[in-house]
S.K.: 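There's a structure below that I have some questions on.
Numbered from 1 within each chain, the chains take letters A, B, ... in sequence-line order. Nothing here was measured: the structure is a model prediction, and the numbers come from that model. Below, all heavy atoms of this structure are taken into account, side chains as well, without hydrogens, waters or symmetry copies.
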Amino acid sequence: MTFTNKASLEMKDRLFNMVGEEKGKTVQLGTFHGLCWRWIIGYRIKKNLSKCILIDDNEQLKLVKEIVRPDNKDKLIDYKEVLESIQRFKDNLYDIQNLPTDFKDPSFGNFKTIYLSYQSKLKELNGLDFGDILLYMLKILEEDKEYGSYMRNRFHSILVDEFQDTNRSQYKLIRCLTKPPYNLFCVGDDDQLIYQWRGANIDNIRGLPKEFKELTTIKLEENYRSTPNILGTANRVICNNKNRFEKKLYASGYKGKICSKVMENRSSDLNYESSIGDVIHRQLDNDYDEAHHIVQDIVNAIKNGYSYSQIAILIRSSTIGSKIEEKLHLFSIPFRVVGGKKFFEYKDIQDLISYIKISHSPTHNLALSRSLQTPKRGCGTAYLEKLKQISYEDGTTLLESIPKAGKRPKAVEYYEMIKSFNEISSSVGLCGSAGESSETLTLPIFIRNLYEASGLKNIIDNSTENRESRQGRIESFIDLSNRFNNLDTFLDYLTLVSGIDSADDVDGRVSLMTIHSSKGLEFDIVFLAGLEEGILPTFNSINDGGDKLEEERRITYVGITRAKKKLVLSCCRERFVHGKVVRNAPSRFYIESLPPIVSLTDTNIKKPKKQKKHRNFNKLEKSLTTENSLQGKIIKHKSFGTGVVIKEDESDLLTVAFKNGVVKKIEKNEIQN
DNA sequence: CGTTACTACGTTTTT
DNA sequence: CGTAGTAACG
């Protein structure tokens with residue numbers, strides 16, 4: 001069981017490489033949500049229960065708005081926040097009758113009402129949202145004793161990856177799927193806990209030894225992935241977290257000694273870079289320069305025999321990736337953007353999907369309202385209200401109320417069309433069994449017909465603006481559907497696995513992605529870009545302090561440790577965000593990750609011992625006579641000139657921002673008096 | 001009902 | 001900057 005789709009793919013890859021595809025396929029492997037959904041489908045078929053549908057996040061938000069909007073004239077309630085609370089509520093296995101006192105309720109005390117009507121709306125749709133997938137699975141495991149015991153005996157062993165990121169409901173699920181003697185194998189690293197905002201609960205991993213008395217803990221301190229310098233950089237950062245298990249990682253793959261020579265390079269007055277062998281720190285004037293350097297480095301790396309697929313550019317949030325994208329384009333470097341705008345999210349695709357959904361499940365009212373209104377059929381909110389009224393009075397579905405509402409030729413036309421597609425929808429993928437026809441109705445054919453009949457094709461073909469790319473997107477979408485046998489699996493894929501690249505897409509491309517989506521992956525060369533205060537750590541986490549900052553630091557740590565051979569950390573003085581130039585200080589994590597400059601003086605300048613003693617004495621004197629901290633003081637360095645002390649740490653290291661903007665770590669005794 | 005033009009806004013991260 | 005929401009008009 002994995003946490004993200006990406007991790008699941010990676011796991012599958014490694015498993016197949018290890019034992020071969022045939023054997024590997026006998027393992028049930030997937031995300032918590034993916035596996036549970038698979039089991040739920042199986043269960044409901046076995047019990048002869050009707051199909052339920054998955055509700056994606058857009059649809060969730062729609063429901064919340066429907067519920068909250070009428071009582072929210074003054075717009076005090078944030079719909080997204082309410083949805084968020086509902087999700088956290090489910091993740092944490094809270095009890096609606098008994099909300100915890102510290103429960104953050106953005107609806108000012110109305111949460112219970114909102115939640116209950118949200119759930120009843122889901123029930124009307126016969127739908128499950130993400131949280132419900134796990135909750136429903138738990139429910140049937142507990143309530144159906146026979147099934148529960150069947151499931152507990154079903155697996156020889158269970159392996160949970162990234163255990164630190166599990167939330168309460170996932171934890172309980174694991175408990176319900178296992179029994180003594182436990183054959184449960186959990187892999188986790190508390191330093192990589194980066195999903196707390198999504199309900200991940202550190203107590204899950206911390207409490208494991210207590211809950212399972214027979215638990216054997218194996219510390220994995222030997223790191224096979226990264227070079228010593230990369231590992232050192234990671235450690236310099238993560239050791240600043242107060243709240244963590246102590247562990248000392250060492251690099252086993254590289255017995256060579258740690259490079260101590262700091263190389264420096266200044267390409268202009270503002271752009272500056274230092275490196276210790278395979279770790280490069282780079283400060284730049286702006287995000288444009290940053291992108292330029294990254295791309296330049298990639299070109300060189302390719303010349304030196306690295307492959308595109310082994311290079312990744314990691315960023316905190318997908319919003320800062322556009323400059324880098326532009327540059328990659330400009331240099332014709334093949335790349336893929338992971339976690340950016342997924343093409344399922346384009347309006348055209350969503351429109352088409354809503355038609356597929358309503359054809360598949362005629363009770364899907366969310367899909368109905370969307371599809372009915374695009375293309376325009378003169379049916380707005382008033383008409384939908386009328387439909388609701390009829391369906392309420394007559395006890396029919398919304399769809400079936402359309403002919404009863406009368407005098408709407410376009411709506412009736414829509415109704416007839418959906419009905420006809422609905423009739424054939426279940427025979428999609430069945431060989432020759434579709435009525436009189438002996439031809440197989442494939443998914444792509446079905447979708448293409450729907451695309452034309454709905455009128456969507458007309459809109460796009462007659463559009464003036466970027467018609468070709470819109471048509472192209474639709475074509476790729478239809479193309480993608482070719483990989484699925486029926487509507488069920490295709491629609492499930494769209495909500496559960498949306499945005500995943502097809503495997504062949506990954507080959508031979510540089511990856512540009514968020515640090516979050518890079519988790520569990522590794523690359524020869526990693527660029528960690530945008531290491532600035534306000535970006536990483538995010539603006540919010542800085543103000544929030546404590547917990548959130550530590551999570552930001554862990555995110556940085558995860559980013560650094562994706563690198564196997566080379567790591568480039570960069571920050572910019574100026575960056576273009578939301579149409580504005582913003583100036584940010586170098587990230588505190590950038591500063592923490594800097595190698596101590598002391599190694600430079602070690603190799604280059606032999607200092608007379610006397611002088612050193614003298615300086616030390618001065619320092620001592622200073623610390624005794626004046627206030628303890630040098631922070632904020634202006635100092636002078638023999639080779640770097642004047643600067644301001646940003647930070648002082650216990651081991652006599654000062655982080656100094658020099659006049660030219662370069663940030664460095666120097667030894668205290670290098671200060672000129 | 002649908003379109004346009006404007007304002008406010010907030011800005012992670014994922015199943 | 002893009003987008004979501006709204007007010008006003010055709």
S.K.: I need the CD-C1' distance between A:E552 and B:dT13, as an integer number of Å.
M.R.: 9 Å

S.K.: Quick one: is A:T514 getting a side-chain N or O under 4.0 Å of the B:dT14 phosphate, OP1 or OP2?
M.R.: yes

S.K.: Would you say the side chain of A:R198 and the base of B:dT13 hold a donor-acceptor pair, judged only by whether the two atoms sit under 3.5 Å apart?
M.R.: no

S.K.: Hey, what's the ring geometry for A:F32 with A:F3, parallel, tilted or perpendicular (30° and 60° as the breaks)?
M.R.: perpendicular

S.K.: Output the single nucleotide from B:dT15, B:dT14, B:dT13 whose closest atom is nearest the side chain of A:S517.
M.R.: B:dT14

S.K.: Verify the neighbour count for atom NZ of A:K404: are there more than 12 heavy atoms of other residues, nucleotides or ligands below 6.0 Å?
M.R.: yes

S.K.: Salt bridge (Lys or Arg N to Asp or Glu O under 4.0 Å) for A:R244 and A:D190? Distances and angles first, verdict last.
M.R.: CA-CA 7 Å; A:R244 63 186 287 257; A:D190 64 319; 5.6 Å; no

S.K.: Taking the six-membered ring for Trp, does A:W197 stack with B:dT13 (centroid gap under 5.5 Å, planes within less than 30°)?
M.R.: yes

S.K.: Can you tell me how far P in B:dT12 sits from the matching atom in C:dG5, rounded to whole Å?
M.R.: 16 Å

S.K.: Can you work out whether A:K376 or A:Y195 has the more 5'-proximal nearest nucleotide on DNA chain B?
M.R.: A:K376

S.K.: What I want to find out is whether A:R573 reaches A:E290 closely enough, with some N-O distance under 4.0 Å, to be called a salt bridge.
M.R.: no

S.K.: Provide the Watson-Crick or G-U wobble partner of B:dT12, both distances under 3.5 Å; none if there is no partner.
M.R.: none

S.K.: Does atom OH of A:Y415 have more than 12 heavy-atom neighbours, drawn from other residues, nucleotides or ligands, at distances under 6.0 Å?
M.R.: yes

S.K.: Heavy atoms only, 4.0 Å cut-off, all strands: where does A:F3 land among base, sugar-phosphate and nothing?
M.R.: sugar-phosphate

S.K.: Side-chain N or O of A:N5 versus OP1/OP2 of B:dT14: is the shortest distance under 4.0 Å?
M.R.: no

S.K.: Rounded to the Å, how far apart are A:L9 CG and B:dT15 C1'?
M.R.: 14 Å

S.K.: For A:F589 together with A:Y557, are the ring centres under 6.0 Å from each other?
M.R.: no

S.K.: With DNA chain B as reference, determine whether A:T381 or A:I555 sits nearer its 5' end, using the nearest nucleotide of each.
M.R.: A:T381

S.K.: Does A:K80 have a side-chain nitrogen or oxygen under 4.0 Å from the phosphate oxygens OP1 or OP2 of C:dA4?
M.R.: no

S.K.: Parallel, tilted or perpendicular, judged at 30° and 60°: which one describes the rings of A:Y195 and A:H516?
M.R.: perpendicular

S.K.: Round to the nearest Å and state the distance from A:N540 atom CG to B:dC9 atom P.
M.R.: 16 Å

S.K.: Using a cut-off of strictly less than 4.0 Å, decide whether A:S541 has a side-chain nitrogen or oxygen near OP1 or OP2 of B:dT12.
M.R.: no

S.K.: Hey, is the side chain of A:T319 poking within less than 4.0 Å of OP1 or OP2 on B:dT12, counting only N and O atoms?
M.R.: no

S.K.: As a check on the pairing definition, encode DNA chain C in dot-bracket form, counting Watson-Crick and G-U wobble pairs whose two distances are under 3.5 Å, and using | for partners outside this strand.
M.R.: .|||||||||

